[in-house]
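Contents: one structure, followed by commentary.
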Amino acid sequence: MGAHVTDRRRPPVAPVQPYAHPLSRFLRLFDALLSRRFGWIILACVLGALSLYDLLFERHDYASIAEARFFYPVIGVLAAAFVILVSWPLRALFARKDDEGASS
Amino acid sequence: MIDWGLNPAWFLLAAGIVALVLNLVMLRKVLILGAALFGIALMFLQEMTGLDRGIIELGNIALVTFRFDGLSRIFALIFLIATVLNTVYAWQEDNRLTDAMSAVYAAAAVGAVLAGDFLTLFIFWEVTALSSVFLIWASGTRQAYEAGLRYLALQVTSGVLLLTGALAIQNQTGTLSFDAINPQSIGGLLVLIAFGIKAGFPLLHSWLPDAYPKATATGAVVLSAFTTKLAIYALARGFAGYEPLIVIGVVMAVFYAFMALNSDDLRRVLAYALANQLGFMIVGIGVGTTMAINGAAGHAFVSVLYTGLLFMTMGAILMRTGTAKASELGGLHRTMPITAVMALVGGLTIASLPFTGGFVAKAYLFSAIVKDGHYYVWMVLLFASAAAVLHTTLRVGIAPFFGVDRGLRPAEAPGSMLLAMTIAALLCLLLGLNPGFVYRLYPDVAVADYNPYTLDHIITQFQLVVAALFVAALAGFVGLNLTDQGRSILDTDWLYRRLGFGVVRWMHAMFVRLAEGTQLVFGKVAAAIDAQMHALFAPSGALNRAVPSAVLAGWTALILAATLLIAFLAGA
């Protein structure tokens, strides 16, 4: 096995496609919605609309704590914010190249 | 006596062995695909015939090679479905060894979940390890070769621990039957560690993010389906209700979420995401109620589909662009729109968005966890669910296709890959739209009557997912990148990459110095002895020196006198 291995990365098998795929036009709108400038505004609006449900209706959930208004949006925001913010110092302290220390 | 039973593993194993010597690509693929489809048919035939046992007697040992019940059925079925998908996905690839080993690997996984005793389980357990390593080595890179060796070492260790534990259990209980295990015994503990290695328990998981990203594009898809889910089955069979598993599962769900978010290689991200999902299942097993075991098994069933789908999309990208690094990918929806949609479906399924299989399975599992009173555990798992939206839905399902355009314009994935991805995506959606399909497969259907689609539940799940996406989008807007380019954060692989390697280098240096020192000391002693011997025996040495006759006569007389004196004294 060892005699046959190589360190070279294989080149892409397929030739480059110079033009957009015909089906990609159906994804343009989605792509535009995800743009860095507007994406968060759209998502904030959607989240706001979904959160209205908590104001208008009494929910019944697995646990009583989850019946509190805006429980799920708050958990979602806190979890995502926590993961992103904790990852920041973690990367500063422990970042390394993907294969650092490997013999090759 | 040999009673084979209607065990699909034998047919798949035979197909794999024949494929090993079959040069005709198409015939090889058809053979494996046929064996897997026949296996699925057998699973349904089983219900009608009621033949649920196969035994092979070898002298005094009876191997229960086939035990068909609710728990083994759901795992065997998903393994066979995964084999069909994997074979279709790899249809355009002509590699006899990996084709054969994929089939043998799948057969061993099916055989293991249908095994009724520890010895049979051990045999199939080891075959999964030995066959799957070829899928890593097939990449042909030095990194893949080394990762394969590390993978093999850990997998074989798992097998050795399993056998040792099983023998200890037999010594204690008098039986090799694989049923509920007492984790308080030494044997039980060894078996738990053996299962834990394959299930990716914290500190035993390094092989997962190490090996999966190094496998071939198709190999990683195959690897993602079997080994870890086999371990989940084994834990559910042997350690249901063992409460420390709840803690282990929670740690896995949270810890691996951080690791997934901080890796650049998207197949490494998926390896962590897979392990993160295993955490949910292990919590279910730790809770141990009938409903929780149902939930864990159902979640494993669906997760084989969506993790397989996501690995397929990343495999297609790797094949077309030569990279799966997040920092090098973006804007691929322009030329790979079908793959983009498939990745999106996989990403939304792992996020448990309503109307996907992930939602159906996770809703049931969460309900089981809460019903048993584990509210805090449920809240932590909610947290991990929201994190999954970031590390997988966003980074794997969306960013490579709709992220910043890196100028890559690869062609769309080959037809066979697209077909496999489409089938997997449709299954994810079908199970989501019709929960009964998956609930009917649960080990205990008596408690599988559950409706995840209440309006409250749908809205709250959307709230959770959209809230996480909103925060990620906001972070992007303010310029807070989710990852460093080309970098990951340290994992337990530091132990062998840095500490282990350092210790080996230090020991080598010490050994060299010791050898040099020893050589120096022994060299001097040997030289001194040699000089003395030379002084004594050499032609010019003391013994060869010419001695006057008178002196010799004197010495002779002296020795004779001494001898006479001794003889006289001895006689007296």
Taking all non-hydrogen atoms of both residues, which atom of [X] and which atom of [Y] are closest, and how far apart?
X: A:P73; Y: B:A467; answer: O-CB, 3.5 Å
X: A:V83; Y: B:A387; answer: CG2-CB, 3.9 Å
X: A:Y72; Y: B:L382; answer: CE2-CD1, 3.8 Å
X: A:A79; Y: B:A386; answer: CB-CB, 3.7 Å
X: A:I75; Y: B:M379; answer: CD1-CE, 4.1 Å

Quick one: [atom1] on [X] to [atom2] on [Y], what's the gap to the nearest 0.5 Å?
X: A:R28; Y: B:R334; atom1: CZ; atom2: CZ; value: 9.5 Å
X: A:D31; Y: B:F401; atom1: CG; atom2: CZ; value: 12.5 Å
X: B:F462; Y: A:S51; atom1: CZ; atom2: OG; value: 13.5 Å
X: B:L464; Y: A:L47; atom1: CG; atom2: CG; value: 10.0 Å
X: A:W88; Y: B:N262; atom1: CH2; atom2: CG; value: 13.0 Å

Which atoms of [X] approach chain A - backbone, side chain, both or neither, heavy atom under 4.5 Å:
X: B:H391; answer: neither
X: B:A340; answer: side chain
X: B:A388; answer: neither

Flag yes if more than 12 heavy atoms outside A:I65 fall under 6.0 Å of its CD1 atom; otherwise flag no. no
Side chain, backbone, both or neither: which part of [X] has a non-hydrogen atom closer than 4.5 Å to chain B?
X: A:F26; answer: neither
X: A:L85; answer: side chain
X: A:I42; answer: neither

Closest-packed option against chain A by number of heavy-atom pairs under 4.5 Å, given [options]:
options: B:L469, B:I338, B:V341, B:L455; result: B:L455
options: B:I459, B:V471, B:D456, B:V465; result: B:D456
options: B:I369, B:T460, B:V466; result: B:T460

Specify whether B:F258 and A:F82 have parallel, tilted or perpendicular ring planes, treating 30° as the upper limit for parallel and 60° as the lower limit for perpendicular. perpendicular
A:F30 and B:F402 aromatic ring geometry - parallel, tilted or perpendicular at 30°/60° bounds: perpendicular
Should B:Q463 and A:D54 be marked as a side-chain contact (heavy atoms from CB on, under 4.5 Å) after you check the CA-CA gap, both sets of side-chain angles, and the distance that decides it? CA-CA 10 Å; B:Q463 287 174 343; A:D54 283 16; 3.2 Å; yes
